[in-house]
Structure formats: C-alpha cells, structure tokens
Amino acid sequence: MKRTKKEVVKKDVEGDFSEEQKTDFNAIEKKWQAEWEKNKAFVADDKAKEKFYCLEMFPYPSASYLHMGHVRNYSIGDTIARFKRMNGFSVLYPMGFDAFGLPAENAAIKAKIHPAEYTKNAIENIKRLMKDLGLSYDWDRELATCYPDYYKWNQWLFLQMLKKGIAYRKKAPVNWCEKCNTVLANEEVIDGKCWRCESETTIKQLDQWFLKITEYADELLKGLDKIEWPSKVKEMQRNWIGKSEGTKVIFKLDNSDKTVEVFTTRPDTLFGVMFLVAAVQSPLVAELVKGTKAEKGYLKLLKSTSVAQKLEVDKEKGGFFTGKYAIHPLTGGQIPIYASNFVIADYGTGVVMAVPAHDQRDFEFAKKYKIPIKLVIQPDDRKIDVLKMKEAYDGLGILVNSAPFNDLNSEEAKEHITKSLEDKKVGGFSTEYKIRDWLISRQRYWGTPIPIIYCEKCGAVPVPEKNLPVELPVDVKFTGKGNPLLTNEKFVNVKCPKCSGKGKRETDTIGGFFDSSWYYLRYCDNQNKKEIFDKKKVAHWMPVDQYIGGVEHAVLHLLYARFFTKFMRDLKLLEIDEPFSKLFNQGIVHKDGERMSKSHGNTITAEEISKKYGIDTARLFLSFVAGPDKDIDWDDKGIEGAFRMVNRFMRMFDKIGGRSDEIMDHKINKLLKTMGHSYDHFEFNKGIIEFMDMVNYLSEKDQIPKEILERLVLMISPIMPHVCEEMWHKLGKKSLIVSEKWPAIDEKKINDKIEQQEKAISNTLSDIQNILRIIKEKTNNEGEKIFLYVIPPELKNYDTEKLGKKLSKEVKVFAVNDKAKYDPQNKAGKAKPGKPAIYIE
RNA sequence: GCAGGGAUGCCGGAGCGGUCAAACGGGGCAGACUCAAAAUCUGCUGGCUUAGUGCCUUCACAGGUUCGAUUCCUGUUCCCUGCACCA
C-alpha cells in the first residue's frame with residue numbers, strides 16, 4: 001500500500017505499471033453523487049402507494065468529522081433504504097439535526113462563538129461530510145430543531161399540552177447537575193449521574209414545568225406488545241414504567257385526624273404490620289418530628305440522604321422512631337411510625353407498612369430497633385417458629401394470627417382483606433408506577449423558550465398562539481453563570497397578554513428531548529408554515545417502518561417519542577399510536593478496547609479511510625466484519641481484505657463473456673435470495689460472505705457471463721453504491737442503478753443437486769491431480785509416457801474442454817466414445833463429445 | 001438477586017441433525033512473479049502420519065435424546081447488557 005512518490009514515477013516511466021492502474025474511487029464517488037443529486041434520485045414520492053419510512057436517529061451537530069462509528073450507523077440505514085427502493089417502495093429517508101443543547105452553549109462560553117453560529121457551522125460541516133459518504137437522504141426534507149420554523153411548533157405543542165392539563169408547573173425536589181447548571185429529568189440521571197457530563201447530581205426544590213407522562217403509563221406499557229423492537233429495549237421500558245398492582249391501605253394517625261396511606265403488594269400480610277416506615281425526605285416526617293426530641297436525629301439522617309437515592313443501596317439502613325403512632329385499620333392496634341433512608345420517597349406514597357416476619361428489609365430493621373415480630377403466613381411445606389427465625393419468609397402460604405382471615409391462602413387473603421378495607425373505606429385495590437412525570441424545564445439558553453409570561457396579577461399566562469414563535473433572542477451575554485436569557489431585559493420584561501400589566505417571561509427553556517420527540521413527524525411535511533404538519537401527509541408516511549439508533553435512548557428518546565405520539569393522537573393529529581413499528585439497535589465501533597469517540601482520542605475518520613480505499617470499501621468492511629447489531633473492533637488490516645475484494649470484483653470486467661451454465665444459474669439465484677434475506681433481517685455480513693464466495697468462484701473462470709455480473713452488481717449496490725453505479729454504466733447501462741429493480745429470483749434454477757455434483761466433480765479432479773503427482777513421484781521417469789484412461793462417473797456429462805483446463809498442464813482431456821478404440825497416436829480422430837477420458841502424459 | 005444475550009480454531013465470524021477439522025475474511029508460514037519490494041496469484045495453517053477419499057482429539061464444562069450432534073434437550077461455569085432497598 002505504501003509506495004513513495006519516487007517509486008511510482010519510476011514504475012510509470014518503465015511502463016509496467018500501466019495495467020495495474022489504480023482505480024480512483026474518490027473520483028467515482030464524486031461523479032455519481034453529483035449524478036444522483038442532479039436526478040433527484042432520493043426524493044421521496046408522496047404519491048406512490050407502497051411507502052417505506054426509514055429513519056435514523058438524527059444527530060447532535062457537534063463533531064467536525066465523522067468517524068467509522070458514524071459511517072457504520074448511517075450506512076446501515078442507507079443500505080436498507082436503497083434495498084427498499086429497489087424493491088419498489090417509495091422510500092422516505094430523511095436527515096436532520098437535533099441542534100439545541102448544551103455543547104453549543106458551552107462552546108459559546110469557552111470560545112466566544114454564539115451558539116447559533118457554532119451550530120450553523122457544525123450543521124453545514126456534518127452535512128457536507130454526510131454527502132461525501134453518498135448517503136441517500138432526501139435533503140429536501142432536512143430540518144434543524146434550533147430554527148424558529150421548527151421550535152415554533154414545540155411551543156405550540158406545549159400550549160396544547162397546557163390546555164389538556166398534560167403540561168403543568170409544580171414545586172418539587174428535582175435532580176440538579178452542578179456542572180451543566182441545570183435541572184435534569186429522571187430519565188437523564190443514570191446511576192445518580194448526569195447522562196451528559198457524568199458528574200453526580202444533587203436534589204433541589206424548584207418550581208418547574210412537567211409533562212404528565214404518567215397519564216399514559218399504562219398505555220405506554222401495553223403498546224410495547226404491538227411493536228417489533230428488540231426485547232431488551234422493551235424490557236427496559238417496562239422496568240422504567242414499573243407497573244405494580246396491589247392494595248392501598250389508609251392508617252389513621254393516633255391522636256390526630258390525619259391519615260397516612262401506604263401501598264403494598266402483600267395485603268395478605270396486613271396483620272403482621274408492626275410499624276410504618278416513612279422516607280426521611282417525606283413531608284410527613286418533617287411534620288411528625290417538628291418540635292420533638294426526634295428532630296435532631298431526623299436532621300442528621302436527612303443530611304446524609306440528600307444525594308440521589310439510587311446510590312444508597314449499599315449504605316446501612318439508618319432510621320429512628322418519630323415518637324408517633326398510627327392505628328391499624330383492621331385491628332385497631334397502635335403502630336409506631338419510624339423514618340428511614342431505605343424507603344424511596346417518590347415511589348408510592350413514600351411510606352410503607354413494615355411486616356418484619358415477611359420482608360427481609362423490615363426484618364433487619366426490626367432486629368436492629370428491637371421491634372417485635374409477628375408471624376402471619378405459614379408456608380405450605382413446613383412450620384416456622386417465630387422465635388427461631390433468622391430471616392424473613394417472603395413466600396406465600398396460609399394465614400395465621402390474622403382472624404378473621406385465618407386459614408385462607410395468600411391469594412384468597414389478598415382479595416378478601418383488600419375488599420374488607422374497601423368496605424371500611426380505609427383502602428382498596430391500587431396500581432402504582434415507577435415512572436415519574438417528565439421535567440422539561442432547563443435553566444439554559446440554547447433551547448426552545450417556554451411560551452409563558454408571569455404576570456403579577458394573572459399568574460402564569462400562556463403566550464397566545466398567534467404570537468408564536470417566541471423567538472430566542474440572539475443578544476445575550478454568556479458569562480458561564482446563570483441563564484444567559486436573564487441578561488436580555490427586552491426579552492424578559494414584557495406585558496401580560498391578558499391584562500397588559502407588568503409581566504416577566506419564563507426564562508427557562510425546554511429540554512432537548514422535547515424537540516426530538518416529534519421530529520419524525522415534521523419530516524413528512526417540513527416546509528409547512530401554517531400548521532405543525534399536514535395530517536394527510538403524516539398519515540401517509542407514518543409510522544416509521546424502520547427506526548435505527550443506539551440502545552442508549554431506550555428509556556429516553558424512545559419513551560418520550562411514544563408518549564408524544566399518544567398525546568398527538570388524542571389531539572386528533574395522528575391516526576397511529578405507536579411511532580416506530582420496527583426498531584434496530586446498531587452495535588458500536590470500538591478501537592483499542594474503547595468506543596470510538598473524540599474524547600477517547602481513538603477515532604478513525606471517514607475522510608482518511610475514504611482517501612485510502614474509497615468509502616464503499618469502508619462500507620463493505622463494516623458490513624462484512626460482523627452483524628450490524630454487534631459491537632466491532634476496528635481493524636486496520638481487516639479493511640485491506642475488503643479493499644482486495646472490491647478490486648477483485650471490479651476486475652471481473654476483464655473477463656466478461658460466455659454464457660451462464662446450470663451451476664452459475666443456481667449459484668446466482670441462490671445468492672440473490674440470501675442477499676435479499678440478509679438485507680431484510682439485518683444480517684448483511686451473511687449475505688456478503690456468500691457474495692464473496694461467488695466472486696471467488698467466478699474469478700477462477702476464464703469468462704464471466706455479463707448477465708451474471710449484472711445481477712451481482714445490482715445485489716451488492718446497497719452496500720457499495722458508488723462502485724456499483726460505476727460498474728453498471730461500464731456494463732453499458734444508461735439508467736442509474738439506484739433506480740433499478742431488484743432482480744427477480746428464478747426459484748426453479750435453484751437446485752442444490754447441481755452444487756453437489758459440482759462438488760463431486762471437483763473432488764474427483766483433485767483426486768486425479770493427486771494420482772498424477774503420485775505417479776510422477778513413484779516412477780520418477782523423465783522420458784517415458786504413461787497413459788491413464790479414466791472415465792469417472794461424475795464426469796460423464798462434463799465438458800471435456802473444461803476438464804482439461806481444470807487439471808494441470810500435463811493432463812490433457814479428450815472425448816472418446818469407446819475405450820477399446822482409443823488410440824493415443826490419433827486422439828483427435830476418434831474423439832467424440834460427451835464421453836471424456838483423461839489422458840496423462 | 002431478577003431479566004435478556006452470549007461462549008466456535010491465532011483473531012473476527014459462518015455454521016438450516018449427517019456431506020464438518022468446520023465456510024468467508026484477517027493474521028502467520030511457504031512458493032510463483034520481481035534485482036528487490038508493493039500489488040497479484042498458488043499452497044499450507046488441530047495432532048499423528050506409512051501422506052491415502054487414513055487415524056485420533058476438538059466447536060465453554062458435564063450429562064441426555066439419536067444409528068449419528070458444533071447444530072436438539074437438561075444442568076453447571078464464565079462473559080456481556082439492563083433493572084435492582086419498588087414495599
């Protein structure tokens with residue numbers, strides 16, 4: 001590969017380099033990219049009946065280059081889009097930019113470039129790089145979320161949500177990232193850390209805007225059954241939504257009118273409740289301990305619990321007695337109320353009933369604080385003695401010490417006890433979810449302004465729809481402290497839309513995941529100035545037939561987008577209720593054991609690879625090396641193998657000629673079938689393996705039939721679009737290969753017997769070669785001639801000429817019709833086709 | 001702890017119950033072509049070997065089904081991913 005300029009020149013002068021002329025892949029790429037653009041080859045046709053919407057998660061425009069990870073991701077979608085086009089679908093394959101977000105703003109603070117400027121440059125840059133890759137996007141449909149013609153509709157949607165009560169404002173403990181200087185949604189906190197900068201988050205009490213995603217919790221759960229997504233992602237969403245069915249129990253506080261509600265999935269253990277435990281952070285505890293002896297312990301525990309709760313798992317379970325009691329709803333007994341850090345504040349009611357005999361945590365807590373234990377469930381297969389218990393028994397069984405429910409089994413008891421609570425109006429059946437409402441406020445500049453004005457008299461007033469968009473002012477100061485929007489007084493100080501009195505604009509912006517929750521709809525009608533989109537156009541294209549993106553969005557973007565779809569369906573904007581019928585999670589490209597990325601400093605850019613081998617080689621390699629769902633390691637040598645293959649493939653031109661035979665027909669049809677299947681099932685590697693096999697097989701031939709080559713070029717074109725376009729035209733075609741049809745498969749010609757025969761023949765031939773070698777070795781003769789006369793049954797119908805070529809130079813094959821008449825001196829005269837014999841000199 | 005996915009030769013990775021010592025690619029070795037490289041091509045690349053369409057041991061480990069298992073079933077170990085004090 002490496003050749004100094006001097007050497008090249010020398011070779012060129014000498015002239016023996018001419019036939020090895022290197023193909024200029026970059027020139028081919030440029031040529032066909034221009035041609036595709038000129039012919040609007042990828043513009044999605046709204047009218048056509050059979051539609052296919054192929055979509056990749058749109059990128060955040062920051063990097064100044066694309067690395068092999070990007071190349072792989074985008075190539076996967078591009079391959080599918082091209083394959084579907086060939087199969088007669090009208091394909092919508094758009095690209096846009098998720099352009100609002102922190103990096104642009106941080107860059108602004110650091111490098112003194114305005115985020116708008118920074119983003120605009122980044123978009124232009126990435127777009128150019130994407131075009132260099134020859135990705136078949138319909139660029140007419142491009143969008144970027146940071147432009148008013150897009151975020152206007154964010155604001156409009158927000159107002160609709162406000163009207164329907166889906167958007168609301170409340171003061172609540174929220175996750176705060178010190179480094180990013182903003183609040184975060186629950187979904188954006190991973191293991192107590194900020195999803196973006198990975199610094200630890202803290203809890204703050206703030207007045208913020210939320211979206212009531214919980215209202216759709218059940219539907220979001222059920223909808224998962226309808227879609228073809230990786231089971232992993234579905235499971236993650238199920239876990240996140242976290243539905244559990246159980247019973248609500250209301251405890252009255254002793255010496256008070258107040259009540260405490262708890263949620264349990266084990267109402268059958270209700271008679272075993274020995275105490276209640278409230279989360280330290282819950283307001284109830286603050287209230288109970290106010291001005292009592294317990295207050296000191298409370299403050300101490302609260303302090304150590306202020307960080308995100310998920311980190312507490314390994315921490316010791318601390319707690320204290322509040323000094324107050326509740327009354328058991330069925331027995332009327334006194335139940336002490338404790339506070340502890342092992343109860344999750346925002347799940348259920350933040351208070352749990354503790355049954356030490358039948359829950360391990362409660363058991364440990366009871367032991368620690370010397371609380372008595374009462375057994376109320378006996379297992380079916382043995383008898384438990386309370387005094388000897390070393391751990392809780394959390395299985396089901398028969399009720400004891402629970403009159404009047406004794407002798408019922410757990411399942412019956414759950415039912416009866418809950419009904420009894422219902423009758424007494426102290427509880428009932430209840431369903432709890434883990435999912436929380438979605439916090440969308442962000443204390444940052446580079447995002448969609450929330451269309452709200454706070455009026456001294458009228459409170460929070462929505463900006464009237466006709467005044468949208470509320471444009472993000474350009475003129476702000478980036479100090480690195482506080483929200484830059486506060487520095488623009490014109491923006492902040494406005495009149496109240498209702499009373500025209502003094503008002504202040506909301507300066508929080510909407511978090512970026514709001515923008516990306518509906519962008520796939522805007523692609524269907526991205527130029528619309530009058531409405532968010534034309535319902536008919538969206539109805540035509542949606543749902544997305546194939547969505548492609550990273551698994552890291554499993555409970556972020558992918559959940560939000562489903563929520564938005566359901567909300568917009570309720571607004572009667574959509575007819576569907578699931579946005580993405582199929583989802584594919586691509587694998588990650590690693591190098592030196594780490595994900596290829598700027599921060600790891602291990603990137604191989606598309607540009608450098610493209611210069612060296614051409615982009616199609618990179619695509620072939622990335623598609624070949626493993627299935628698209630697998631993580632792969634970048635291999636500098638590996639791509640050379642793909643490069644050799646591309647060159648060998650192109651060299652097949654030198655041998656065009658002849659006609660296809662049975663075996664070739666069989667092979668090409670079978671291959672066509674495999675390739676089609678491999679595109680449809682995201683198993684590109686398997687198709688390519690067989691494809692390479694075919695190329696190798698044909699390379700051994702003296703002549704390669706044109707129609708075979710044509711089909712070969714067609715079938716690999718989704719992987720190697722530029723090279724194939726070039727070859728297609730070299731084959732004398734006038735049309736663009738991108739608008740060609742996928743070749744028909746002739747099932748009749750697929751005949752595995754033929755292949756078996758071929759294999760048998762090739763075995764026989766190698767046998768003959770072996771025999772030949774042995775004879776040579778054994779006889780060690782130079783001058784004498786040895787004649788061997790063989791008619792192996794496999795070769796009965798084999799073309800004599802071909803046989804000769806298959807064998808070595810020393811072997812000559814002649815057709816004779818009868819052994820007896822064979823005359824070595826006069827071979828030609830007696831030879832007749834159809835019955836070969838092998839003659840060895 | 002729970003759920004999901006894996007484990008194939010030096011590496012990546014095909015293997016739809018026999019045609020499997022295991023495709024294809026990389027790497028390694030040897031050879032051809034070259035003054036020499038590069039490129040290209042050929043052969044070899046588990047062990048034994050009298051060199052044979054031969055024998056032996058292999059597809060995480062242990063069993064089972066079968067005339068026959070890399071492929072099917074059961075258990076075990078290890079790896080990855082997600083969830084996890086959810087009451």
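Letters go in sequence order (proteins before strands), and every chain restarts at 1.
Considering only side-chain atoms of A:D693, the nucleotide from B:rG13, B:rA23, B:rA87 that sits closest is B:rA23. When distances are taken from the side chain of A:K434 to each of B:rC83, B:rC41, B:rA14, the shortest belongs to B:rC83. The side chain of A:F624 sits closest to B:rG25 out of B:rA87, B:rG13, B:rG25. Across B:rG25, B:rG26, B:rA87, the shortest atom-to-atom separation from the side chain of A:I344 is found for B:rA87. Between B:rG26, B:rC41, B:rG25, one nucleotide has an atom nearer to the side chain of A:R651 than all others, and that is B:rC41. Residue A:V625 places its side chain closer to B:rG12 than to any other of B:rU40, B:rG12, B:rA87. Counting only heavy atoms from C-beta on, A:V343 has its side chain closest to B:rA87 among B:rU40, B:rA14, B:rA87.
Comment: A:K670 does not engage A:E690 in a salt bridge, judged by the lack of any side-chain N to carboxylate O separation of less than 4.0 angstrom. No salt bridge links A:D394 with A:R361; every basic N to acidic carboxylate O contact stays at or beyond 4.0 Å.
For A:K655, the NZ atom counts as densely surrounded, since its 6.0 Å shell holds more than 12 non-hydrogen atoms of other residues, nucleotides or ligands. Atom NZ of A:K193 sits in a sparse spot, with 12 or fewer heavy atoms from other residues, nucleotides or ligands closer than 6.0 Å. Under a cut-off of 6.0 angstrom, the local environment of CD in A:E198 is sparse, with at most 12 non-hydrogen atoms contributed by other residues, nucleotides or ligands. Within 6.0 Å of NE2 on A:H677 lie no more than 12 heavy atoms contributed by other residues, nucleotides or ligands.
Rounded to whole Å, atom C1' of B:rC16 lies 12 Å from atom CD of A:E690. Atom CZ in A:R266 sits about 15 Å away from atom C1' in B:rC86, given to the nearest Å. What separates CD1 of A:I588 from C1' of B:rU81 is a distance of 10 Å, to the nearest Å. Here B:rC86 presents its P atom at 20 Å from CD of A:E261, a figure rounded to the nearest Å. The interatomic distance linking A:H677 (NE2) with B:rG15 (P) rounds to 10 Å, in whole Å. B:rG12 atom P lies 20 Å from atom CE of A:M68, rounded to whole Å. Put simply, CG on A:D359 is 13 Å from P on B:rC85, counting in whole angstrom units. Between the NE2 atom of A:H590 and the P atom of B:rG12 there is a distance of 13 Å, given to the nearest Å.
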B/S/- along nucleotides 2-10 of chain B (protein heavy atoms under 4.0 Å) is -SS------
Dot-bracket for RNA chain B, 5' to 3', Watson-Crick and G-U pairs with both distances under 3.5 Å, [ ] for crossing pairs, | for partner on another strand, reads (((((((..(((.....[.....)))((((((.......))))))(((.....)))...(((((..]....))))))))))))....
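Residue-level contact check: A:K686 touches the backbone only, with heavy atoms under 4.0 Å from sugar-phosphate atoms and none from bases. Heavy atoms of A:N239 sit under 4.0 angstrom from primed sugar atoms or phosphate atoms, though from no base atom. A:G641 comes within contact range of the sugar-phosphate backbone alone, with a heavy-atom separation under 4.0 Å but no base atom that close. Residue A:D633 is classed as having no contact, given no heavy-atom separation below 4.0 Å to the nucleic acid. Using a 4.0 Å heavy-atom criterion, one finds that A:R238 contacts no nucleic acid atom at all. Among the heavy atoms of the strands lying under 4.0 Å from A:N685 are primed sugar atoms or P, OP1, OP2 only; no base atom is included.
Atom name P, nucleotides B:rU42 and B:rG26: the rounded distance is 12 Å, in whole Å. Spacing of C1' atoms, B:rG75 relative to B:rU65, comes out at 15 Å, to the nearest Å. For the P atoms, the distance linking B:rC61 with B:rC10 amounts to 14 Å, nearest Å. Nucleotides B:rU53 and B:rU19 have their C1' atoms positioned 12 Å apart, rounded to a whole Å. Between B:rA60 and B:rU8, the distance separating the two C1' atoms is 10 Å to the nearest Å. Taking atom C1' on both nucleotides, B:rA62 is separated from B:rC78 by 15 Å, rounded to a whole Å. B:rU70 and B:rG17 have their P atoms separated by 13 Å, with the value rounded to a whole Å. Between B:rA23 and B:rG12, the distance separating the two C1' atoms is 14 Å to the nearest Å.
Comparing A:N696 and A:T265 by the nucleotide of RNA chain B that holds the closest heavy atom to each, the one mapping nearer the 5' end is A:N696. Each of A:M645 and A:D631 lies near RNA chain B, and the nucleotide nearest A:D631 is the one positioned closer to the 5' end.
Under the 30°/60° scheme for interplanar angles, the aromatic rings of A:F321 and A:Y338 are found to be tilted.
Ring to ring, A:F275 and A:F365 are close: their centroids are under 6.0 angstrom apart.
Contact check, A:R648 against B:rC41: a side-chain N or O comes under 4.0 Å of OP1 or OP2.
A:F271 contributes atom CZ, which lies 4.5 Å from atom CG of A:L330 (distance to the nearest 0.5 angstrom).
Taking syn as a glycosidic angle within 90° of 0, B:rG75 does not qualify and is anti.
The closest side-chain donor-acceptor pair between A:S244 and A:T265, if any, does not fall under 3.5 angstrom.
A:D631 pairs by the side-chain contact (heavy atoms from CB on, under 4.5 Å) definition with A:I588, A:H590, not counting sequence neighbours.
When side chains are defined from C-beta on, A:F251 counts as touching A:V273, because their heavy atoms get closer than 4.5 Å.
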